[in-house]
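Inspection log for the structure reproduced underneath, given as C-alpha cells.
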Amino acid sequence: MIYLIALAGLFIAGWAAAAVIGTMAYFRGEQTKPIHQRNWDNDSFEQIAQSVTGTQTNYTERVPAYALDAYTSNRF
C-alpha cells in the first residue's frame with residue numbers, strides 16, 4: 001500500500017513539474033514572437049508572462065507582425 005501512495009505522489013509531482021515547465025516555455029515563446037500592432041500595448045499578457053517567467057519582454061528583439069515585406073518575412 002505504501003508503494004502505491006509513493007508512486008501516486010511521484011506521478012503528481014512529475015505532472016506538476018511538467019505543467020510548470022510547459023507554462024514557462026509557452027510564455028517565453030510568446031514573449032519572443034512577432035506581435036500584432038493591436039496587441040502591442042496590451043499589458044495583461046505582459047503581466048502574466050512576467051509573473052510566470054520572471055523576465056520582462058525585450059521589445060528591442062520583438063518586432064511588430066506584418067511590419068516586414070513579403071520577401072523578408074519568408075526568410076525567417
Shortest non-hydrogen separation from Met24 to Thr53 and the atoms involved: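 Of all heavy-atom pairs spanning Met24 and Thr53, the closest is O-CG2, 3.8 Å.
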Arg28 vs Val52 side-chain heavy atoms within contact, under 4.5 Å: no
From CD1 (Ile2) to CG (Leu7), nearest 0.5 Å: 12.0 Å
